[in-house]
Participant: 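Let me give you the structure first, and then I'll get to my questions.
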Amino acid sequence: MDCIFCKISKKEIKSEIIFEDDLTICFKDLNPVAPIHFLIIPKIHIASTSEINEKNSDVLARIFGNISKIALKFCHNGYRVVSNTGVNAGQSVMHMHFHILAGRELDWPPG
Ligand code: 5GP
Ligand code: ZN
């Protein structure tokens, strides 16, 4: 499968890695929209949050556990976790990912 984020997780495409374990990898977004803009993804290919089920939800628990650790280190004044799901929501890479945004005031509601 021709998936950019699968290639990043296999190190076939270079990225600035922030954190990695057996199930997940977190790296800097190529086009940051905030001073801190990381993406955390499962190493296995899951297309989006709409494909989460009881068989693969272990990876989701791990992702959120890791987000807490990453935020403790990098996000000292609050942060936002976003997962765009589907084209209307702005998902452009069809491998589930969670944006971690911090380092500035973030508007609400999002556009
Ligand atoms: P989405 O639009 O699907 O919610 O988010 C995809 C994100 O992936 C975008 O913020 C985009 O900048 C980022 N991105 C796309 N291709 C690459 C890449 O090759 N490397 C990195 N580090 N980020 C990427
Ligand atoms: Zn993938």
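All values reported here derive from a predicted model rather than from experimental measurement. Both counts, for ligands and for their atoms, begin at 1 and track the order of listing. Heads up: numbering here begins at 1 and tracks the sequence.
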Participant: Using the rule that two of Ile, Leu, Val, Met, Phe, Trp, Tyr join whenever any of their side-chain heavy atoms come within less than 4.5 Å, decide whether I41 and I44 are in one cluster.
Facilitator: no
Participant: Would T49 and T85 count as a side-chain hydrogen bond (donor to acceptor under 3.5 Å, both in side chains) here? Give the steps.
Facilitator: CA-CA 6 Å; T49 59; T85 300; 2.6 Å; yes
Participant: Has the side chain of K43 got a donor or acceptor atom that lies under 3.5 Å from a matching backbone atom of D21?
Facilitator: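 Judged by distance alone, yes, a pair lies under 3.5 Å.
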Participant: Which residues pass the side-chain hydrogen bond (donor to acceptor under 3.5 Å, both in side chains) test with E51, sequence neighbours left out?
Facilitator: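 With neighbours one apart ignored, the set is empty.
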Participant: So do the side chains of H45 and M94 get within less than 4.5 Å of each other, counting heavy atoms only?
Facilitator: no
Participant: Restricting to distances shorter than 2.8 Å, give the number of protein N, O or S atoms close to the Zn ion (ligand 2).
Facilitator: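 Near the Zn ion (ligand 2), the number of protein N, O or S atoms below 2.8 Å is 4.
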Participant: Name all residues meeting the salt bridge (Lys or Arg N to Asp or Glu O under 4.0 Å) criterion together with E16; count only those two or more places apart in sequence or in a different chain, and write none if there are none.
Facilitator: K28
Participant: Using atom types as modelled and distance alone, determine if a side-chain donor or acceptor of N56 lies under 3.5 Å from a backbone N or O of N53.
Facilitator: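 Pair found, side chain donor or acceptor close to backbone of N53.
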Participant: If you compare all heavy atoms of D107 against all heavy atoms of R80, which two are closest, and at what distance to 0.1 Å?
Facilitator: O-NH1, 2.9 Å
Participant: Kindly assign one of parallel, tilted or perpendicular to the pair H99 and H37, based on the angle between their ring planes and the thresholds 30° and 60°.
Facilitator: tilted
Participant: Mind jotting down which protein residues get a heavy-atom contact under 4.0 Å with ligand 1? Chain and number order, please.
Facilitator: I4, F5, I8, F27, K28, D29, L30, N31, L39, N84, G90, Q91, S92, V93, H97, H99
